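Below: the structure, in structure tokens.
We name chains A, B, ... by the order of the sequence lines, and we start the count at 1 in each one. No experiment lies behind these values; they were computed from the predicted model shown.
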Amino acid sequence: MLDIKMLRDRPDHVRERLATRHGGDEARLEELRALDERRRAAVSEVEQLKSQRNSASKEIGALMGQKKLAEAEARKAEVRTLGDRIAALDRTVAESEAARDALMLTLPNLPHASVALGREAADNPEVRRYGAPATFDFTPRNHIELCERLSLIDFARGAKLSGSGFLLYTGWGARLERALIQFLLELHTTEHGYTEVAPPYIIGEHCMVGVGQFPKFKDQAYAVQEGLDASTMGKLYLLPTAEAPVANIHREEILPAVRLPVRYCAYSPCFRAEAGAAGVGTRGMIRVHQFDKVELIKITTPETGYAELEAMVGNAERVLQLLGLHYRVINLCTGDMGFASAKTYDIEVWAPGQGAFLEVSSCSNTEEFQARRMNLRYKDASGENRFPHVLNGSGTALARLFVALIETHQQADGSIAIPEPLRPHLRADRIPA
RNA sequence: GGAAGGGUGGCUGAGUGGUUAAAGGCACCUGACUCGAAAUCAGGAGAUGGGGCAACCCAUCCGGGGGUUCGAAUCCCUCCCCUUCCGCCA
């Protein structure tokens, strides 16, 4: 959520910055301005009336104490007429405020000044590359062939169980997935200074609003209800990402400055309806309805937010470096950034079998945007309550990492070589053919 | 699902219609005392929104929402959450 004060004081700035995304906010900004003014006018009038009523009520109390009952009754009658106007104005305030806030929740974050202007993915500047594409002296297979030959994933039975887009990991595939999760959590907790948390996998609607998933992306989430009780529908959702619970851990709190930065990492499965994406890359495990991910979350002061973002990207890159994978880091342009983000780096890993880079991590600083939605604050050195920067990043997504790993490290004999740092967790140095 | 008891400021804990932002205690800040600290004494200190150059002023907030009343932490309705016991269950 943007700062309503900035909308009042610098409307042109807000309009310009929002226009660098996808535009189309003009009408909403104008409506917002009108609602805000209506609310403020009503607030100042009703407060004045309430002030009158408060002092009158005190007088009535005093009169009754002195047993001047007739006078008290006369005053009561006067004040009663104030009550009706107050009630009407209170309704105006509540309505305009609710409408204003609902509108505020639909506006995306403003891009940071350093973000490149652009409309789409093609406009994203590349920041750096690591390594080189794997080369093979045999004909390499793609991950679908590898998974089938080595019985890592049973695509047909996964679909039989839950429909297309759901994976059944089997044997070495299940073990590799589990080893990767363990490897990632160990790395971030022991070497990168994150505190591990294990969140619920079903999350309240208010937390989805808090991170900016809702209201805009409601159609992308799986809603759950209790049994056949439709009245419970719309309150709880399967996680699209662990960001939803973890970023909300301290919602509605005021953290002492000495506790910052807060750094959490969490493993969770992620559930995405991918509505409207049917048929697009549905084969294999590139785009699925459920995948595993280790998420990184930071809560920092505004002063250190961007330094922490750079560090977070480095933490995610380290994963790929240790696994011997080729990747590139790109900086999303204004038109390609997520709703809540002020600045985002994507990390894309090279998948030889696809001949393409696959997004495995997206690291963003949402600045105060999510903190405002969550009413998360911290108390700075001077005792002032301020909104912290809230950052999130994948460290990393698993299904695509799995793809890149097996496609990159496949051997001529059909086996998969396991990179050194992963071996203790898999308790093997290769997946046999 | 059934029964009972609870949700008050950073914590603890009073308050059951009228100077109550809310006693007392703990923690915190300032000052005095001290070489310094502890102890003691005195004082201060909540949040949100709005107004003012400022000292300050106004409104709202005692789990959420609604109602009764001139006036609600206090009475009524409703929802949420927590604790204990019973039932069921991984």
ring-ring contact (aromatic ring centres under 6.0 Å, His included) contacts touching residues 73-116 of chain A (sequence neighbours left out):
A/H112-A/Y306

Strand contacts (RNA chain B) in residues 201-212 of chain A, 4.0 angstrom heavy-atom criterion:
none

Base, backbone or nothing for each nucleotide of nucleotides 69-74 of chain B, written B, S, -, heavy atoms under 4.0 angstrom, 5' to 3'?
-BS---

In whole angstroms, how far is the P atom of B/rG49 from the CZ atom of A/R39?
10 Å

Between A/R91 and A/N385, which has a closest nucleotide on RNA chain B that is more 5'?
A/N385

Residues pairing under ring-ring contact (aromatic ring centres under 6.0 Å, His included) where one sits in residues 187-209 of chain A, two or more places apart or in two chains, turn out to be A/H188-A/H192, A/H188-A/Y194

Between side-chain atoms of residues 39-46 of chain A and protein atoms elsewhere (two or more places apart, or another chain), which donor-acceptor pairs fall under 3.5 Å?
| unit_1 | atom_1 | unit_2 | atom_2 | d |
| --- | --- | --- | --- | --- |
| A/R39 | NH1 | A/E97 | OE1 | 2.8 |
| A/S44 | OG | A/A41 | O | 3.3 |
| A/E45 | OE2 | A/R85 | NH2 | 2.7 |

Categorize A/K235 for me: base, sugar-phosphate, or nothing, with a 4.0 angstrom heavy-atom threshold over every strand shown.
nothing

Should the ring pair A/F166 and A/Y222 be called parallel, tilted or perpendicular, given that the plane angle runs from 0 to 90° and is split at 30 and 60?
tilted

side-chain hydrogen bond (donor to acceptor under 3.5 Å, both in side chains) between A/D154 and A/T170, intermediate numbers included:
CA-CA 7 Å; A/D154 190 332; A/T170 57; over 6 Å; no

Assess the pair A/F369 and A/F387: is the distance between their ring centroids shorter than 6.0 Å?
no

If I take atom CD1 in residue A/I86 and atom C1' in nucleotide B/rG67, what distance separates them, rounded to the nearest angstrom?
16 Å

Watson-Crick or G-U stems of RNA chain B, 3 or more pairs, under 3.5 Å, by first number:
B:1-7 with B:80-86, B:10-12 with B:24-26, B:28-32 with B:40-44, B:46-51 with B:56-61, B:63-67 with B:75-79

Can you measure A/K379 atom NZ to B/rC29 atom P for me and round it to whole angstrom units?
14 Å

With C1' as the reference atom in both, quote the distance from B/rU19 to B/rG71 in angstrom, rounded to an integer.
13 Å

Determine the contact category for A/S51: base if any of its heavy atoms lies under 4.0 Å from a base atom, sugar-phosphate if only primed atoms, P, OP1 or OP2 are that close, otherwise nothing.
sugar-phosphate

Position toward the 5' end of RNA chain B (nearest nucleotide), A/R377 or A/K50:
A/R377

